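First comes the structure, then the notes that go with it.
It should be emphasised that the depicted structure is a prediction, and the values quoted were computed from it without experimental measurement. Just follow the structure's listing: the first ligand is 1, and inside any ligand the first atom is 1.
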Amino acid sequence: MIYYFSGTGNSLYVARHLADLLGEKLSPMTLPYSTDDEVVGLVFPVYGWGIPNVVDAFVRKHLGSCSYLYAVMTCGDDMGYTDKVLEKAMGRKLDAAFSVLMPDVYVCLPGFDVDSKEECKEKFEQEEISVKEIAECVKERKKVRQLKRGPFPWTKTYILRPLFNRFLLTDKYFHVDASRCISCGRCQKNCPVGNILIVDNVPQWQSHCAGCLACYHACPYHAINFGNQTQKKGQYNLLQVKNEVM
Ligand SMILES: Cc1cc2nc3c(=O)[nH]c(=O)nc-3n(C[C@H](O)[C@H](O)[C@H](O)COP(=O)(O)O)c2cc1C
């Protein structure tokens, strides 16, 4: 079984690809865990050089006794020691761990924006190769780590991540430009954790946000913003980008 979490679709895309190659089933981390899985894969995005809160909650409750456990972490750039953070939350070691570069969806800080079309194309092409290699490793139950930790991984994961989680993984900075919002409800439908209610025709965030930015990226009129940093930033739509570049 492959358990996944995905905000904007990249990790689901990778999870589906891997499941096809391995003939495995897929299940979201928001549903219950089947305890008799012998081989378990976890596919999810890297957030702030660590694991999303949904993944943390899932692995703390489950994953007792499978015989081969691997993780595939999608990231826009680098993942620091995300695998170590995951292992600490699980209370056990991974048998194998991989990172896969996918289009970057983080836009909330100065200097961060979505990738150019060329960068997306390169990443989708590399994904094809990487996921085939990962599938081979899993079939052979290899004990490997193929990870892009990036520069200063320790500082990123153990100094910057706690600050990132504390100050930036919150929905309190989301706001809606009511003159642009057409009340289409796409933000609500795309939220993987049901954190958005539509009240008086506009979205309201309910304080159990995963921080994935699915609502921001899904809005057809860029009516949703995070603080004052995202007004001029791009939006990511996996299917649209993929059709354009491949
Ligand atoms: C809150 C947040 C934090 C992120 N932090 C990182 C990071 O530390 N390193 C990185 O390379 N990419 C980071 N990203 C980019 C995502 O990991 C990447 O785009 C991922 O493929 C998105 O997966 P998804 O579409 O399945 O949600 C971050 C994205 C978000 C929304």
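- Ring geometry, Tyr13 versus His17: the interplanar angle exceeds 60°, so the pair is classed perpendicular (tilted spans 30 to 60°).
- Taking 4.0 Å as the cut-off, Phe164 counts as a neighbour of ligand 1 on heavy-atom distance.
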Table please: side-chain donor-acceptor pairs of residues 158-170 below 3.5 Å, with sequence neighbours left out.
residue: Arg161; atom: NE; partner: Thr157; partner atom: O; Å: 3.0
residue: Thr170; atom: OG1; partner: Lys172; partner atom: N; Å: 3.0

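- The closest protein non-hydrogen atom to atom 11 (O) of ligand 1 is Asp77 N, 2.6 Å.
- Closest protein heavy atom to atom 23 (O) of ligand 1: Pro45 CB, 3.2 Å.
- In terms of protein heavy-atom proximity, atom 9 (N) of ligand 1 is closest to Asp78 O, 2.9 Å.
- For atom 21 (O) of ligand 1, the closest heavy atom belonging to the protein is Thr74 OG1, 2.8 Å.
- Residues Trp205 and Cys215 meet the side-chain proximity criterion, which asks for heavy atoms closer than 4.5 Å.
- Residues Pro220 and Arg186 have side chains in contact (heavy-atom distance under 4.5 Å, counting atoms from C-beta outward).
- Within 6.0 Å of NZ in Lys139 there are more than 12 heavy atoms belonging to other residues, nucleotides or ligands.
- Once rounded to the nearest 0.5 Å, the distance linking CZ of Arg92 with CD of Glu87 reads 9.5 Å.
- Under a 4.0 Å criterion applied to the non-hydrogen atoms of Ser11, ligand 1 contributes the atoms 23 (O), 24 (P), 26 (O).
- Of the protein's heavy atoms, Thr8 OG1, 2.5 Å lies nearest to atom 25 (O) of ligand 1.
- Under 3.5 Å, the side chains of Tyr3 and Asp37 contain a donor-acceptor pair of N or O atoms.
- The existence of a salt bridge linking Asp83 and Arg149 is confirmed by a sub-4.0 Å separation between a basic side-chain nitrogen and an acidic carboxylate oxygen.
- For the pair Phe124/Val241, a side-chain contact is recorded, criterion being any heavy-atom separation below 4.5 Å from C-beta on.
- With a 4.0 Å cut-off on non-hydrogen atoms, Cys212 touches ligand 1 through its backbone and not its side chain.
- The residue among Cys75, Gly76, Pro103, Ser6 with a heavy atom at the shortest distance from atom 19 (O) of ligand 1 is Pro103.
- Under the 4.0 Å criterion applied to side-chain N and carboxylate O atoms, Asp56 and Arg60 are assigned as salt-bridge partners.
- One finds the CD atom of Gln146 at 7.0 Å from the CD1 atom of Ile134 (value rounded to the nearest 0.5 Å).
- With respect to atom 27 (O) of ligand 1, the closest heavy atom belonging to the protein is Gly7 N, 2.8 Å.
- The shortest N or O to N or O distance between Leu213 and ligand 1 is not below 3.5 Å.
- Summary of contacts: the protein heavy atom closest to atom 8 (O) of ligand 1 is Trp49 N, 2.8 Å.
- Within a 6.0 Å sphere centred on CG of Asn243, other residues, nucleotides and ligands contribute more than 12 heavy atoms.
- When each atom of ligand 1 is checked for a heavy atom of Asn10 under 4.0 Å away, the hits are 19 (O), 20 (C), 21 (O), 22 (C), 23 (O), 24 (P), 25 (O), 26 (O).
- Near Met102, with a cut-off below 4.0 Å to any heavy atom, the atoms of ligand 1 are 21 (O).
- Taking any N or O of Leu169, backbone or side chain, none lies under 3.5 Å from an N or O belonging to ligand 1.
- Applying the 4.0 Å criterion to heavy atoms of Gly48 picks out, from ligand 1, the atoms 3 (C), 4 (C), 5 (N), 6 (C), 7 (C), 8 (O).
- Each of the atoms 1 (C), 31 (C) of ligand 1 lies under 4.0 Å from some heavy atom of Gly211.
- Atom 6 (C) of ligand 1 has as its closest protein heavy atom Val46 O, 3.3 Å.
- Contact check on Glu136 versus Lys132 returns no salt bridge, with no Lys/Arg side-chain nitrogen under 4.0 Å from an Asp/Glu carboxylate oxygen.
- Under 4.0 angstrom from ligand 1, there are no non-hydrogen atoms of Leu168.
- Of the heavy atoms in Cys108, none comes closer than 4.0 Å to ligand 1.
- Within the listing of ligand 1, atoms 14 (N), 15 (C), 19 (O) sit less than 4.0 angstrom from a heavy atom of Asp104.
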